Amino acid sequence: MSATQARARKVGAHVAPAAAANAAAPPAAKSAAVLPFAITPEAALRELAMLRDKLAIGAKRLGEFSEDDLAIATTPVDEVYREDMVRLYRCRPTAAKPRGIAVLIAYALVGRYQMIDLETERSFVRKLLAEGIDVYYVDWGNPTPAQRWLTIDDYVSGYLDHCVDVVREREGIERINLMGICQGGIFSTCYAALFPEKVARLILTVTPIDFHGDVDAPVRGSGYMNLWTRSLAPADIDALVDSMGNSPGTSIGFAFLMMNPIGNLAKYSIELLDILDDDQKLLGFLRMERWISDRPNIPGEVVRQWFKDLYQGNKLVRNELVLGDRVVDLKRITMPVLNIYAEGDVVVPNACSQGMHGRFGTKDYAELGVPGGHIGTFVGGKAQKILAPSIVQWLTEKKRSRAGTHRA
Amino acid sequence: MSDDLSALYGGWTQAMADSFRALMPGAPFAPDAASRPSAAAPAEPPAPLPIEQIADTLGVFAGVLTQLYESYLPLLAQGRITTEPFEALAQNATNAFGAMLLPLQQARSGFASPGAWPALSASSLPGAAQLGLGIERTFGGLAEAFGLGPLRQLQDAWREMMLARVAKQRAQVEYLALVAQAFASGTASLMHELQAMALRGERVESMLAFLRMWVKAVDSPLHDAMQGSAGLDATANVIRASNAYRQQMQKVIGIASTAVHVPTRNEMSEAFREIQELKRELRRLKRLVPAAAPKKPVQRRERAA
């Protein structure tokens, strides 16, 4: 099979040796070459009728799913702390033999925490629980216009610090295992640098540390947010934040759509067509859409600092980021660090998240690449087999190692 | 952009419809206002899952497919499809965006004059009449009651706002023109691939297969266009122009609010800022007072550490 045949088959084309004179005809003049169509009007109309029927049945099917069918983040949890719009949840343990290891997960402000527990069959949280890990996670909530002045420091030194203290107290420990996802990874990194005495181990997933890592290694279709923010003047960002206040969740959703415009057009058209008669795939699609459509607002001052200090100024990796009145010095991160990146990440280019050895103060640094994209890290089939087991193994090894060297 | 879920999905659904028009012989690649879904607000707040919007998308896609297939029937009936209609599509796109810029030029020169106020309500700009009516209903009569000063300020600010709106629309059209070029480039590369297939003796036996090949072909050119300097400049211009329009709109509302003794957005924002600063100060003070801080954890057992 030729490469083109293979490609055409992959996208669903019916490629066959030409029989018709039309198809076999070599290209004529450049301006009017004959194209190898072997489709009769009758065949096209039959296909159209079939597709319309399929779409109509699919639309009807959408209305038949129940709320239970579409539910996401179904792992039972208990709310253990709340402050303003922020909630701290503890997942109810499921393992018969707990490992005595707790981890606090901080998701990003872009999107909601439900991604880590999207579906029962592909829930990162359930996998950790099944391995005997005690799981806490933060729901950052949806800031109101009155909260537009919240800064990154308010999240890190305020909400996150309070959540950490609650976990410390509940678990009876001095230092916790902290895991950050994407933007939550930045928060966790800042937290570990500002409050190292409260963090035992730091796990970063799909987290940009070097925001200019992509400058010398641009990849087609990757790193749009880096490019967009760098193409703006600081005054543009000020005008954006001053005039908008909070960044509306729908605007953020639109920005994500524009990172892969054709992919997203196909997703709601020809790719959706392909899964309409497969309930399992359709439900997976709908649950993901439920998560995608629930985008919270982001406080304006967080956006201002995020864009100017991080995307434009790249201050984190340069140890120049100031939160409150303190500089975030990565060298203060002396606890073990596990940095996990997605090999196919186009939201956070690998060059921004990978190869951070030496950036932190710790000598105990490990890196792990998982297959899939930014979100696929947590819901993709291949990544699911690697992510949770690797984290559990790392935490267990570190715990054993520490027990052997420090507790004696 | 509206902070409304249905607006996001509705906008994207329409973008899908507009995009597929780039593959329809005889249909210019340009936003088709007549075919846009209704922008009316939903009767109830949007559900957490936009299942209705997705169902709507399926309906729109069915319509797109019908138009697309029907546009090819005459060509298929001839039994011989050449690259000619696809080359015409690219030219149509260029012409369409050139045509869209002309009225924006005229609108700008019209709004730039101080005497533009009476013409505003009759403006042919999309949405101008509705916006004018809304402001007139909300603030017009009240502003007059407080004298001509605020009203004149309001008129000047309104004129500036309309200029900013035209600038925003122009930036959007320039951005869309780049998108159209990328679509044309993708279609051209598909034509090359089809010609190569013909040489190899392969053929396309279904319209759906052709559609999939086209979607694949336009992906790379669009990424290249949007990641290139022209695309990034166009994106930045849209953001700048949108900022300027939003700021002018807030100025109009600020003048009207002041005239009727309603706290302005800036005043409210300043109050929120002070509240947040007080909360920060409270947090700082709590750290200084041991009793107010969370209890120091007791080392019960080796768990996380």
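Quantities reported herein were computed from a predicted structural model and do not represent experimental measurements.
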Colleague: Please work out which of the three classes, parallel, tilted or perpendicular, describes the rings of B:Trp214 and B:Phe20, given edges at 30° and 60°.
Modeller: tilted
Colleague: Ignoring hydrogens and geometry beyond distance, is a side-chain donor-acceptor pair present between B:Arg283 and A:Ser157 at under 3.5 Å?
Modeller: no
Colleague: Does any backbone or side-chain atom of B:Arg284 lie under 4.5 Å from a heavy atom of chain A? Answer side chain, backbone, both or neither.
Modeller: neither
Colleague: Report the residue from B:Arg265, B:Gln250, B:Arg246 that forms a side-chain hydrogen bond (donor to acceptor under 3.5 Å, both in side chains) with A:Ser243.
Modeller: B:Arg246
Colleague: For a 4.5 angstrom cut-off between non-hydrogen side-chain atoms, does A:Ile270 reach B:Phe61?
Modeller: yes
Colleague: Working to the nearest 0.5 angstrom, can you tell me the gap between B:Thr264 OG1 and B:Lys251 NZ?
Modeller: 13.5 Å
Colleague: Examine the side chains of A:Asp154 and A:Thr151 and answer whether a donor and an acceptor come within less than 3.5 Å of each other.
Modeller: yes
Colleague: Does the side chain of B:Ile81 reach to within under 4.5 Å of the side chain of B:Phe210, using non-hydrogen atoms?
Modeller: no
Colleague: Specify the closest pair of heavy atoms between A:Leu286 and B:Ile54, including all atoms of both residues, with the distance to one decimal.
Modeller: CD2-CD1, 4.0 Å
Colleague: Of the backbone (N, CA, C, O) and the side chain (C-beta and beyond), which part of A:Asp274 lies under 4.5 Å from a heavy atom of chain B, both, or neither?
Modeller: side chain
Colleague: Under 4.5 Å from any heavy atom of chain B, what part of A:Met259 do you find: side chain, backbone, both or neither?
Modeller: backbone
Colleague: Identify which of A:Gly245, A:Ala235, A:Ser222, A:Gly324 forms the greatest number of heavy-atom pairs closer than 4.5 Å to chain B.
Modeller: A:Ser222
Colleague: Shorter than 4.5 Å, heavy atoms on both sides: which option in A:Ile72, A:Leu232, A:Leu273, A:Leu276 has the most such pairs with chain B?
Modeller: A:Leu232
Colleague: Pick whichever of A:Leu240, A:Leu51, A:Asp161 has the most heavy-atom pairs under 4.5 Å with chain B.
Modeller: A:Leu240
Colleague: Checking heavy atoms, do the side chain of A:Val164, its backbone, both or neither come under 4.5 Å from chain B?
Modeller: neither
Colleague: At a 4.5 Å cut-off on heavy atoms, which part of B:Ser242 comes close to chain A: side chain, backbone, both, or neither?
Modeller: neither
Colleague: Which one, B:Glu70, B:Met207, B:Met226, B:Gln227, leads in non-hydrogen pairs under 4.5 Å with chain A?
Modeller: B:Gln227
Colleague: Which bit of A:Leu272 is near chain B, if near means a heavy-atom gap under 4.5 Å: side chain, backbone, both or neither?
Modeller: side chain
Colleague: Quick one: which of A:Leu395, A:Val199, A:Ile133, A:Asn260 has the most heavy-atom pairs under 4.5 Å with chain B, could you say?
Modeller: A:Asn260
Colleague: What part of B:Leu65 lies closer than 4.5 angstrom to a heavy atom of chain A: side chain, backbone, both or neither?
Modeller: both
Colleague: Side-chain polar contacts of residues 38-46 of chain A - donor-acceptor pairs under 3.5 angstrom, sequence neighbours left out - could you list them?
Modeller:
| from | atom 1 | to | atom 2 | distance (Å) |
| --- | --- | --- | --- | --- |
| A:Thr40 | OG1 | A:Ala43 | N | 3.0 |

Colleague: Just give me the residue among B:Gln247, B:Met191, B:Arg240 that pairs up with chain A most often, heavy atom to heavy atom, under 4.5 Å.
Modeller: B:Arg240
Colleague: Under 4.5 Å heavy-atom distance to chain B, tell me which part of A:Asp325 shows up: side chain, backbone, both or neither.
Modeller: neither
Colleague: Sort out for me which of B:Thr66, B:Ile239, B:Val215, B:Val218 touches chain A most, counting heavy-atom pairs under 4.5 Å.
Modeller: B:Thr66
Colleague: Given a strict heavy-atom distance threshold of 4.5 Å, which part of B:Ser220 is in contact with chain A: side chain, backbone, both, or neither?
Modeller: both
Colleague: Is any NZ, NE, NH1 or NH2 atom of the basic residue among B:Arg280 and A:Asp153 found under 4.0 Å from an Asp or Glu carboxylate oxygen of the other?
Modeller: no
Colleague: Give a yes or no on whether A:Lys198 atom NZ has more than 12 heavy-atom contacts from other residues, nucleotides or ligands under 6.0 Å away.
Modeller: yes
Colleague: Tell me, out of A:Pro261, A:Pro145, A:Ala266, A:Ala56, who's got the most heavy-atom pairs with chain B below 4.5 Å.
Modeller: A:Pro261
Colleague: Name the member of A:Arg148, A:Arg52, A:Lys54, A:Arg220 that forms the most heavy-atom pairs with chain B at distances under 4.5 Å.
Modeller: A:Arg220
Colleague: B:Arg273 versus chain A, heavy atoms under 4.5 Å apart: side chain, backbone, both or neither?
Modeller: both
Colleague: Looking at B:Leu58, B:Leu211, B:Asp56, which one has more heavy-atom pairs under 4.5 Å with chain A than the rest?
Modeller: B:Leu58
Colleague: Just by distance, no angles: are the side chains of A:Asp165 and A:Tyr81 close enough, under 3.5 Å, to form a donor-acceptor pair?
Modeller: no
